[in-house]
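In this text the structure is predicted, and so the values were computed from the model without any measurement.
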There are 2 protein chains.
Amino acid sequence: MLVAVDCIIFGFDGYNLKLLLIKRGFEPEKNKWSLMGGFVQSNEKPEDAASRVLRQLTGLKDVYMEQLSVFGKPDRDPLERTLSITYFALIDIKKYEKQLNDDYRAEWFQLERVPSLIFDHDEMVQQAKQKLRYKAALHPILFELLPEKFTIPQIMTLYEQVYEVELDKRNFTRKLRSTGLLIKQSDKDKENSKKGAFYYKLDKAAYTEKFTRFLNFISNPEYE
Amino acid sequence: MLVAVDCIIFGFDGYNLKLLLIKRGFEPEKNKWSLMGGFVQSNEKPEDAASRVLRQLTGLKDVYMEQLSVFGKPDRDPLERTLSITYFALIDIKKYEKQLNDDYRAEWFQLERVPSLIFDHDEMVQQAKQKLRYKAALHPILFELLPEKFTIPQIMTLYEQVYEVELDKRNFTRKLRSTGLLIKQSDKDKENSKKGAFYYKLDKAAYTEKFTRFLNFISNPEYE
DNA sequence: CCAAAAGTGTTCAAGCTACACCCATGC
DNA sequence: GCATGGGTGTAGCTTGAACACTTTTGG
């Protein structure tokens, strides 16, 4: 049996949550949109294959990545029985922009505008979105999508995008600060407003320490 | 590459949370304790393989089962490169008792008394325990471990076992009732006390409807 | 009548929701 | 000087935690 990995890669540009897709360069389904994937080599762990694939496409390593699940219907690939292990990755879209590998004709798509994908990749994306919501309601993983310095309005927009809700900025700010994960900087981002919004950095030590604690950023979402 | 499934099977006998293991009947590692597993056949989805394997061992079908993750280190099986997809299953231990298939020399082990297992199966069990805690803090899956009629002290013991904590019965009862998942019966279980404890059944409709909602049975556990 | 488990209520603290106004600045 | 987005505080309510006594009945 062939074993592949497919990566569901999320990015955030400050306004919208996006997905990185490639235009498939070979048959079957040549020129259709697809997730970035590759086969697990004989000397490789599946997670190493996923990191390798991600690095090939984006040039990035040490990216937040998590195993999602296995897709294994006997006929999911029409040519040959192939099992796919999916991984979802969260990357800072700005870091990536410079390193884009043009060989793959990759593009970012807003989540609402994702085209239909080959094989069972649509289902993979659905599952990844769900998992992202589930996980981000409990753990501070969305910081992985942000640049080193970010503002509170930015994070709030991110949460609003992920959950497709509108949040109250007073309550959100209070809750966010109460996590103790943020370090306020003295400079401001003035791109999005005249007054400017203070930058924050993530307190890495607190992040590591509190990662596995319950956070409850979003109350009573529907969980999968 | 060979692809196998391995099942982490949990059961509850009213007092202790248990794990079902088999004594391996073939080389390598013959006569060592192991999870029940099997290879994914060419016409089979992995989840079907898992159900099949579970049915072979226990005679049960329509069991609560969930994909856990993939274990894929190149050398995890010393003979041949084998990928394993793990599933965890929750079964009512009483239903099972009658149907035990003796071919596999299976035994239930209390979680604290699980022997060391072949290959990376120890790690699989660890992961399954963690996932069980995570999931059961948010969703009412532990009912899958109980018989059709059960008492509140039984469920409470089950939660105490899963999380290795002591709970307050007044608070627990109130929280449990507030879920609207239980239907009180008029008869009592008199096996465990003279006064007897009322039986309850699960309200199947409410269970299905509320499954994906946040429940928060356990406050602030450490999540994985 | 007594031992053993089942069942039940109240008080306090913390956290969540809803909600409206002032601030700083570029144009 | 005004439009735009950033930033802050309070009151009411809900939820969770802590805690002790009464009930039932088999032996």
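Using modelled atom types, one finds a donor on one side chain and an acceptor on the other under 3.5 Å when comparing B:Y64 with B:E66. If you check the side chains of B:Q56 and B:Y104, you find a donor sitting under 3.5 Å from an acceptor.
Going from atom CD of B:Q154 over to atom P of C:dA5 covers 14 Å, rounded to whole Å. Across the protein-nucleic acid pair, B:Y15 atom OH and C:dA5 atom P stand 11 Å apart, rounded to whole Å. Summarising the geometry, the separation between CG on B:D187 and C1' on C:dA6 is reported as 16 Å, rounded to the nearest angstrom. Nucleotide C:dC16 holds its C1' atom 15 Å from the CZ atom of A:F172, rounded to whole Å. Regarding A:E191, its CD atom lies at a distance of 17 Å from the P atom of C:dT25, rounded to whole Å. If you measure from atom CD1 of A:I155 to atom P of D:dG7, you get 11 Å, rounded to the nearest angstrom. Atom CG in A:N192 sits roughly 15 Å away from atom P in D:dT4 (whole-Å rounding). Distance A:M156 CE to D:dG5 C1': 11 Å, rounded to the nearest Å.
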Table of protein N/O atoms under 3.5 Å from nucleotides 24-26 of chain D N/O atoms:
unit_1, atom_1, unit_2, atom_2, d
D:dG26, OP1, B:K190, NZ, 3.1

Name the pairs: protein N/O against N/O of nucleotides 19-21 of chain D, kept only if under 3.5 Å.
unit_1, atom_1, unit_2, atom_2, d
D:dC19, N4, B:R170, NE, 3.3

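Under the salt bridge (Lys or Arg N to Asp or Glu O under 4.0 Å) criterion, B:K194 pairs with no residue at all, not counting sequence neighbours. Remark: B:D13 pairs with B:K18 by the salt bridge (Lys or Arg N to Asp or Glu O under 4.0 Å) rule, at least two apart or across chains. In terms of the salt bridge (Lys or Arg N to Asp or Glu O under 4.0 Å) criterion, B:D92 has no residue partners (sequence neighbours excluded).
Contacts classified as salt bridge (Lys or Arg N to Asp or Glu O under 4.0 Å) and involving residues 117-127 of chain A (residues at least two apart or in different chains) are given here: A:R76-A:D120. For residues 156-174 of chain A, the pairs satisfying salt bridge (Lys or Arg N to Asp or Glu O under 4.0 Å) are A:R133-A:E164, A:D168-A:R170, with sequence neighbours left out.
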Under 3.5 Å, which donor-acceptor pairs link side chains of residues 111-119 of chain B to any protein atom two or more places apart or in another chain?
unit_1, atom_1, unit_2, atom_2, d
B:E112, OE1, B:Q110, NE2, 3.0
B:R113, NH1, B:Q110, OE1, 3.4

With a cut-off of 3.5 Å and sequence neighbours excluded, list every side-chain donor-acceptor pair involving residues 145-152 of chain A.
unit_1, atom_1, unit_2, atom_2, d
A:K149, NZ, A:D187, OD2, 2.6
A:T151, OG1, A:Q154, N, 3.3

